[in-house]
Each structure stands twice: as structure tokens, then as C-alpha cells.
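Reviewing the structure listed below.
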Amino acid sequence: MGIKQGFVAGVAVLVVSAALYAGPSGGTISGKVTYEGTPAKQKPIDMSKEPSCAQQHATPITTETVVTGPNNALENVVVYISAGAPDDSTAPGQPAKFTQKGCQYLPHVLAFEVNQTLEIANDDQTSHNIHPLPKVNREWNKSQPPGTPPISEKYDKPEFIPVKCNIHPWMHGNFAVLKNSHYAVSQGEGSFTLPNLPPGKYTITAWHESYGDQSQEVTITGSETKTVNFVFKAKPY
Amino acid sequence: MGKFFAVILTLIALASAYPILTHMYVQPVDISTHGHAIDEQLSDTMAEAGFAFLGAQLLLAFFVWKYSSRKNGVKVKHLPGGAKLMVATAFIFVGTEVLALGVLGQKAWAEVYFTAPKPDALQVQAQAGQFAFYFRYPGADEKFAPLHPDKIDEGNGNYFGLDPANDVEARDDIVTAELAIPVNREIHLLMHAKDVGHSFYVRELRIQQDFVPGLDLSVHFTATKTGKYEIVCTQLCGLGHYNMKAYLNVLSQEDFDKWLKEKASEQ
Amino acid sequence: MEEAVVPAAHVHAPPEGFIRKHVFSLDHKVIGKQYYGLGLVAVFIGMGLSWLMRFHLVWPTTKVPGLELLSSTGAPGGVITPEYYLSLLTMHGTLMVFFVLTNAPFAGFGNYFLPIQIGAEDMAFPRFNMMSFWITFCAFIVLILAFFIPDGPPISGWTAYAPLSAVGKDAGPGLAWGQSLWAMSIAIFCVGQLFGSLNFIATTLDLRAKGMTFMRMPICTWAWFITSAIGLLAFAVLLPACLLLLLDRMAGTSFFIPAGLVISDRLQNHAGGSPLLWQHLFWFFGHPEVYIAILPAIGIVSHVLITNMRKPMLSAKVLIYSMMSIGFLSWMVWGHHMFVSGMNPTSSLLFSFPTLTITIPATIITLIWLGSLYGANMQINAASLFALGFVSMFVSGGVSGFFLAQPSIDIYLHATYFVVGHFHMVMGVAAIFGIFSGTYFWFPKMSGRMMNETLGKLHFWITFIGTYCIFMPFHYLGLVGNVRRYSSFVDDFMAPLMPVHKFISIAAFVTGAAQFIFLYNLIHSRFRGKQASENPWNATSLEWSIPSPPPWDNFGGKHPVIYHDPYQYGVKGSKGDFVMQDSPEQV
């Protein structure tokens, strides 16, 4: 074997092992989340008590308990593998970022993993207090005056946690603390994609803060893409 | 050193009285029909208290000036009249002052608390909760729907705990973050506390009343000047107490009707 | 007048060993100094907290170096959060009212001098006396512990209004373990004060020396006696109130919590309680507490003034009766704290009258002081300067009471800085002036050494002018409508008032710094001060008839016999212009 062949073989081994590591052989689940019926009307928020926030919004923002897109798309739905995938043994190194800006939580729904660092920043000129209301995790309630460093926290159990700011009662958000990295939050079109799933039988769950959750069973055999759609029933009140 | 004390005390007394005498710090303008009685009572009391304050401080300074650090062996003297004079002075001057203030003051108090709101007063409900005020107007049916604390969902804008799904009366209730009222019309404010104690204080209205959880309290008042005024919480209610406020927006009747219509459409 | 009683009811052996002498001592003088020392620690902590508050109010975003080490969540990066401001405020009020204003002038000086002034060897119940101090000490430790727990100190103010103080963690930081520690601390404190008050009463009634009739007791003895009667009733109400609060917090009862409260989105599992019940119980204690703080100071100041005027008061009797009427009226006025609380508006009127009436005995006391100054030969020293300063503060704080006693004006001024200015002047500063006056006056007796007069006078001038600079502007702010207990003034309304706040803060820093002169003087004089004679002020009461410092059994085994009322000044005695209480000389 010449040097050239040896080089090629080496590269091939590298490529194959890299491929095995990344699991490109895995399948993908993608789909769309929609609603049927009439969702609750989202009301404009009067922030007049906090002028420094109010003036950041040319038109008042509305409540965000049901955020919809075109074609009945439903946003802010957390789609995740609730059973069938192993729990991640180590949390991702990069922090999940949650920002308070204009007296609003960005993003409204933040999904991250168990033991992953959650980094909360205050971009406003006013104090906020971040008060997540967990049932199984440890509860805390911290104020963040303007100009103070970001708050770092972690959760060690999976849970959907409502988050509120007591100082600005309209500010509500959600943390989705999940066991593995296979999750997505539906965006503008209501669409989501869960790539790189090794073959296996999965329970895939979609969770919405107002409409609860739904699950479906999906089996991935190879590198195919399977489509799963969720339809939530919307109520006007 | 005694003379020095006298001088310093005199300066302190005069300097303390100066901002009051020159009206450097005055109450914000009164926009209520009942406030003048409170203001009058306040300025009467200020006059009497100021007189007592200056009188006592200057007398103290004078006596210390005159009777301190005297020659050794000087013979002490006693005030003619002695304690009897002091007791008589206290009873006659302060006693009458106390009675006068006490009796006159009741008038101002009575105007706020011993009169019933007129039957045609506009009823508005105010809810205080950590750390914002919300207000509710009864809407087209002129009825306040009952409250269900378990239905409170602030993220969804349901600050009061209305149940529009099962309760038709609740659907037209108008919930706002600002208290808009028509000028020159009596307002009957029904006060409801959602969580802990709060207070409703509008300086210009000369109204301060606590919200007490579990108690249905109310105040009534009439605003006489249009404009925007601050409503602040004055009962320590937690970490956001300093930031618990709302605006009182006194509008002309037409502007108020327009405002209410607009708010109704937002519900 | 009743016959004096045999003063040797309880004799105990001389203490041996360091622990018995200085720690678990039965000696009322050591216990008095322990109370005073505890008050001193508490007042410096309390003052430090007020500095932090004043700093935060005017420089809200400036970092306080090192504060993060004390509380990483309360002051992230050294910036004080809104809830930590309230923690500071709550702890400041609690420390000052309970551990300073109750401890130092009443329990501290009272313990030391009441038995001596009536010619007794010790308190009636020395063991109870020791226990009451150590119980109070425990209460202090429990309270201070709140700074070091993750929850942080409570944020509901020293008044701890329910339901905020009763519902627990949902209502905010500091309201879980912090608030529980507060309630426990105050409950323990009440026990200590109840023991102490009982002891004072029993001692005064039973252990007076031969010839020491009630009307021959010095005015300050009377003040402590009246105060202990108030304390016995007041703390007996606060104790169960705190226990009920603890039950609400820990056992799920609902004494103070009504149904249907939704706090931080959670429906509270309570029903049937009344928040007003807490307010009634608290203020039923709280208003008499004001007099627990101020009456001993009135007594001390009268004692110091008489000695330095070199003549008796116009009438000690009238002064004593006035103090009694204040004590009596103090039980009928608690509702004036609740004019806008939603209590029946008619009861506001009923509470207003006795409140205004208290002005009469208070005015009589002031006029007696002023009238007694006429024709005096006033000696000016640090003790008498603070006593004169007290009279001035008592007047300044008293006249603002006219306003707040009237429900109609209270509508406007309630919960503004006017109230803060009022009670700081009359209850805080005035009482502390009483403590300072007593300290400069009695230090020679307590330590056997004189304090440095020059430093004492310097301390007086900065403190006197400084406190007026701090608390007078509070009244002006209140008149404009500046609300109290706000951690920052975020709105346009308050912005124009910021220069006033800056002035107050700077005055507070300077005045606070001057207290270190006092601390230095106290410590330095304790070890390096000039030796004090038995009676450096040429005073007449019994404490000046014994060595400085007094022996463990006060009178060295002798039983003093009393021949005179306590204020024989301006007479021709063998020692000068005074005759001592136990001197058989005729006057």
C-alpha cells in the first residue's frame, strides 16, 4: 500500500467514525403544530406604570398565552421526545439565554436541558424580579436591578415551569426543562424539526402553555424523515 | 457654651420654620371637592404647631442663654407661679387647642367618611395586587361579574379572576390598568385586595385608603380638574412596593365615553 | 406614705470566677451593662443599615463594595435590590425599636440604677434578671441569623403587617425563614421583657430602703417603674400575637389570613382570618412601646437636668403624675395608627381624642422643664447638653404629633416621610439623646472613670445639628407627599425631591460618623479616663453615695436610711449647695 492509499484509507476511517459519532444515519421528525377553533383574544398590555418599558413599544404588545401564525399555525409549542431517547448524561456547555426587554420575556417559551446553565439578563432600565414557579424543582425569586450581572441558575429535574415577574404582573413566560437534546419550539409557521434521531421507537410530545400536551408514537428505522403534525383545540375563553 | 447652645438652637428653630413660612414645600394642587377641608385643617394645625414649636424652642434657648454657666454660688430662683402655672397653661392653651383641633377636624373627616355616595355615582372596582393596580368597569350590563380567585391568570390578562367561559356577565366587564374617570362626577371606588395589604393614595385627591384582604372597603370622591395624576401604593406590600402605581386620568365626559368604548373593544 | 420595707430580702454571695462575674452574673449592675452593651452593638448595626438605605436611595445603581459578600442575591454585584432595601429597613426598625430603644434606656440603665436608687442590694429576683438578659440575647442572635440564611431577612417592615408576613415564601424573598426567625426573635424578646418588667415592679414595691417612700424615689426610678408596668401589659400582648403569626406561618392556621388570596399566581390555602386583627394586636403593643422607649428617657433627662440646674424641678410630683397619665392614655390610642386601615371611621374619631389629649401631660412635662430652667444655675457639660437637646427634640417630635393625631390630616400624611420624621424625632432621636445623656452622666459611676468632656461636646454638636438636618426635611418631604418605605423613587413626581434626599443622606453619613467619636470616647475612657470620685456631679441621689464603681452588693453591707426627697439642690448643705438623700442633715 502506498502512502496515497494509506492517506485515503485514513481519511475514510475518520469520516466514517465522525459520521457514526454524529449519527447521520438517524432519522428526522418534522411537522407542524396548528389549532382548530377560535383561540382566546390576546389583549393589549397597558404598561403605563413602567414608562421606560412602555416607550419601547410603538404599539402595545399583547398577551402571549396563545400566539398564532398564518394558516392556523400555533407558536411556542415545545415538541420533544418524552420517551424512547436516553437522558443526556451531560448538559450542553452553552447557556440557555433568557432576556427581559421592554418588560417582556424573550423568548416567551425557553426550552433547555436539565443541568444546563440558564442565563437571565435584564436589558431594561428598571428592576425585574424573576420568579419561576416550579412544583418539583427548587423555587427561587431573585431581583435583578438594571446594570447588574446576568443571573445564572440550573434546574436538576425536568419540568415545565411558569415564570413571572411580580413587579410587572403582565410579564409571564415559561421554562421547559427537558431530559434530552431532542426538542424544538414551534415558530412562526408552527413548524418544527427534530433531526439526528437514532433508530428506535419514540413518544413525541407537544406541549402548549394554555392547551396542555399531546403525544404520538413514532418509530424511526433509518435515516428517513417522518412527518408528525399536532392539532390543538382552541377555545375562545 | 450655654450661650452657644442658645444661638444654635435659635438658628435651628428659625431654619426649620423658614421653609414652612415661605411655602417652599406645599401639597400638590387639590382636585377634589372634599380636599379643601383637609387642607384648611392642615394649615390651621400648622399654625398652632408652628407657634408651639417656635415658642418652646425659643423659650428653651432664652432660658439656657440667661441661666447657664453663671457665677459659682449664685442663688437659684424659682419661677413665680411654679408648677401650678405650668399645669394651668398646659390645660388652658393646649387643652383648648386640642379640643379645637379635635372638633374642627371631625368636619373634614366626616365629609369623606360619613357621607354616602350618591346613587348616581359611577362605580368602579379597583383591585390591588403585587405590584400593580387594575380597574374594572361593569360594562354594558352595568353589573360586576363575580370574582373567582382560582381563575386569576395574569399572563392571559385575567387579573381579576373573571370566568367569561361560564359567566356571561363577565364578558362585557372592562378591565384596565388606568383609572379613567369623568370630571365633576362622583366616583364610588370599590376596593378589592388580591393578595396582601395595599393602599390607594392620590395626593391631589386627598384620598388615602388601605386595601385590606378579606374586607370590602370603598371610598367615594369627585374630581374637579381634568388631567393625569399618580395613584401610588402606600402600604408596604413586598419587594415591588416602590414601583406599585397607576394613573388617574380625569377626563371630560365625552373623552371618558370615548376612552371607555375603546377599552371595551380591547377586551 | 407607706412605711419603707426591709431591704435584704434576697442577699446572695459575692460572685466568684470570670463566668459568674461577667457572663452569667446575677449582679444587676453587670446585667445592666450587658443590656447596654447589647444595645450598643444593635445601634451600630442599625445605623449601618440606615447608611446603606440612605446610600441606596440617592445612588441606587452605585455598587457598595463588599456588600455582595453578605448577600449575593440581595446585592448582586454590590447593587442593593428592592427586596434587600426592605430587608435593611425591616432589620433597622426591629433592631432600633426592640434592641436599642427598649434595651438601653429601660433595661440597661434601669437594671443598673433602679436598685441602687431605692437603696436595694440587687433586684428582687436576680436569677430571673440574669435569665431575662440571656433570653433577650438569644432573641438578638435569632434575629441577626436572618442575615445569613439563603432566604435573607424579612421584608415586611418592623410592623410585619399580615397577610404579607403570614403567608410565607410566595409573597417574596425573606418571607419564608427570614420572617419566621423575626417572629421567633420577637416572641423570645417578649419573654425576656416580661421577666424584666416583673422584676422591676417587684423590686420597686418590695426592696425600698428605710425612709424611701414612693415620693422620695428619683424621677428616673419612677419612669422605670411606670415603664415596667407598661411593658408587662404590652409585651404580654405582642407575645401571643407573634405566636399566632408563627402558627399561621408554620401550622397552617388562619388567624390573620382571609380566604381567596392569590399570591404569585397561587391560591392560598387559608380562610377565615383577619389582617386587621394583627394590626390591632400589634399596635395595642406598638403604641405603648413608644412610651416604653421615651418614658425612661424623660426620667433620665429630668434627673440629669435637675442635677445640672442645681435646683429642683418646679414639681417632681406633677412630672411623675404626668408620666403616669401618659402611661395610662397610651392604652387608648393604638387605633391612631390605623385611621386609613379600613377600621370603622367612627372609631377613628374615638382614637383621635385620647391621642390629642396625650398632648396635655406631654406639654406639662415640657413646661415643667422649661419653667424649672428659670432662675437656674445651669451647668453645661456633655450630659446636660444632651438633656437640653432631648427637650428640644421632644418638642419638635411632639408638635408633629398634632397633625397625625387627626384622622382628617392623616388621610393626606399617613405613610409619608412626615410620619417617619415624626417618630424618628420623638421616639428615636429623643430617646437616644436620653441614652447619651445618661451615659455621660452615669459613666463615672459605672466605670469609675470620667468620660472626655471635649469629645463629648463635639459628639453633641455634630449629633444635635446633624439630626435636625436629617429629620426636619423628612417633614417637608411628607408635606409634599413623599411616600415612605420606597426603595427608590422611580417616578417623575419624586424626581424634584432628590436634592433634599441627597442633603439628608449626606447629613446622615456625617451624623453617623460622629457616633464613632462617642464609641472611641466610651472605650478610651473606660481604660484611660480620669479617675472619678464618688460624686463628681455633686448629686443627691443614692447612687452617688457609694464608691465609683459600686461594690458587688452596692452599699457594702450597710443599709442606707433615707431622710429627704431626692432633689435637695440650691440649699445650704455641709458639702455645698446640695444635701444628699441619705444625709441626716436638716434642710
Side-chain angles (χ1 to χ4, degrees), chain B residues 1-2 9 12 16 19 25 28 38 41-42 45 49 52-53 56-57 59-60 63-64 67-70 74 76-79 82-83 86-87 89-90 94-95 98 102 105-106 108-109 113 149-150 152 194-197 203 206 208-210 212-215 217 230 232 234 236 238-239 242-243, chain C residues 82-83 157 161 163-164 171-172 258 260-263 267 275 310-311 314-315 318 340-342 345 349 353 356 359-360 363-364 367-368 370-371 373-378 380 391-392 395 399 402-403 406-409 411-412 414-415 468 472 476 479-481 483 485-488 490 493 570:
Chain B
M1 183 79 68
L9 182 59
I12 287 176
S16 300
Y25 301 98
I38 294 177
Q41 184 71 9
L42 183 59
T45 308
F53 169 79
Q57 301 289 8
L59 202 62
L60 175 65
F63 281 164
V64 173
Y67 298 114
S68 65
S69 313
R70 301 160 81 193
V74 72
V76 294
K77 283 186 298 184
H78 294 285
L79 184 73
M86 301 292 110
V87 175
T89 313
V94 183
V98 160
Q106 309 324 334
W109 178 255
Y113 282 100
D150 55 314
I152 287 178
K194 169 176 139 311
D195 38 35
V196 299
R203 301 169 184 93
R206 306 290 189 265
Q208 182 165 202
Q209 175 65 56
D210 279 6
V212 182
L215 270 189
L217 300 168
E230 213 179 62
V232 295
T234 51
L236 180 54
L239 67 99
Y242 75 103
N243 200 350
Chain C
E83 64 265 31
Y161 270 23
L164 182 64
L261 303 189
V262 179
I263 303 176
L267 186 60
R310 309 311 300 163
K311 59 174 278 208
L314 289 181
S315 167
V318 170
V340 300
S341 71
L349 295 186
F353 274 106
L356 285 163
T359 321
I360 297 176
T363 308
I364 294 176
L367 286 177
I368 294 266
L370 290 176
L373 272 171
Y374 174 90
N377 181 12
M378 188 74 205
I380 298 294
V391 177
S392 169
V395 169
V399 290
F402 278 156
F403 297 80
Q406 301 175 57
S408 54
I409 300 180
I411 295 176
Y412 179 72
H414 189 88
Y468 266 111
M472 262 303 161
Y476 312 144
L479 286 171
V480 184
V483 178
R485 288 175 162 175
Y486 271 25
S487 61
S488 63
V490 283
F493 183 85

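Here is the naming used below: chain letters follow the sequence lines, and residue numbers restart at 1 for every chain.
Scanning both residues, B/Leu236 and C/Gly157, for their nearest heavy atoms gives CD2-N, 3.5 Å. The nearest pair of heavy atoms linking C/Ile368 to B/Ala83 is CD1-CB, 3.9 Å. Across C/Pro163 and B/Pro213, no two heavy atoms sit closer than the pair CG-CG, 3.6 Å. Closest heavy-atom contact between B/Gly238 and C/Leu164: N-CD2, 3.8 Å. Looking at every heavy atom in both residues, C/Met472 comes nearest to B/Ser16 through CG-OG, 3.3 Å. In terms of heavy-atom proximity, C/Glu83 sits nearest to B/Leu239 at CB-CB, 3.6 Å.
At least one side-chain heavy atom of B/Trp109 sits under 4.5 Å from a side-chain heavy atom of C/Ile411.
For C/Phe402, the parts lying near chain B are the backbone and the side chain together; criterion is any non-hydrogen pair under 4.5 Å. Interface remark: B/Glu230 contributes side-chain atoms only to the contact with chain C (heavy atom separation under 4.5 Å). At a 4.5 Å heavy-atom cutoff, the contact between C/Val318 and chain B is made by side-chain atoms alone. Heavy atoms of C/Phe403 lying under 4.5 Å from chain B belong to its backbone as well as its side chain. For B/Ile12, the part lying under 4.5 angstrom from a heavy atom of chain C is the side chain only. Contacts between B/Leu60 and chain C at a heavy-atom distance below 4.5 Å involve backbone atoms as well as side-chain atoms. Contacts of C/Pro82 with chain B are made by both backbone and side-chain atoms, with heavy-atom separations under 4.5 Å. Interface remark: B/Ile152 contributes side-chain atoms only to the contact with chain C (heavy atom separation under 4.5 Å).
Between the B/Arg206 side chain and the C/Ser408 main chain, no donor and acceptor come within less than 3.5 Å of each other. Using a distance-only test at 3.5 Å, with no hydrogens or angles considered, no donor-acceptor pair links the side chain of C/Tyr486 to the main chain of B/Thr234.
With respect to chain B, the highest number of heavy-atom pairs below 4.5 Å among C/Gly570, C/Gly172, C/Gly481 belongs to C/Gly481. Put simply, of C/Ser488, C/Ala376, C/Gly342, C/Ser315, the one with the most heavy-atom pairs under 4.5 Å next to chain B is C/Ala376. In terms of heavy-atom pairs under 4.5 Å with chain B, the best-connected choice from C/Ala415, C/Ser341, C/Pro345 is C/Pro345. Annotation: maximal heavy-atom pairing with chain C below 4.5 Å, among B/Gln57, B/Arg203, B/Gln106, occurs at B/Arg203.
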key: C/Gln406 vs B/Ile38, side chain to side chain contact (heavy atoms under 4.5 Å, CB included): CA-CA, chis, key distance, verdict   = CA-CA 10 Å; C/Gln406 301 175 57; B/Ile38 294 177; over 6 Å; no

message = As a quick check of understanding, evaluate side chain to side chain contact (heavy atoms under 4.5 Å, CB included) for B/Gln41 and C/Tyr412, giving each step before the final call.
response = CA-CA 11 Å; B/Gln41 184 71 9; C/Tyr412 179 72; over 6 Å; no

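How far CG of C/Leu479 is from CG of B/Leu42: 6.5 Å, rounded to the nearest 0.5 Å. Going from atom CG of B/Asn243 over to atom OG of C/Ser487 covers 8.5 Å, rounded to the nearest 0.5 Å. The CD atom of B/Gln209 sits 10.0 Å away from the NE2 atom of C/His414 when rounded to the nearest 0.5 Å. Atom CG of B/Leu79 is separated from atom CG of C/Leu314 by 6.0 Å, given to the nearest 0.5 angstrom.
Taking the six-membered ring where the residue is Trp, B/Phe63 and C/Tyr374 present perpendicular rings, their angle passing 60° and hence far from 30°.
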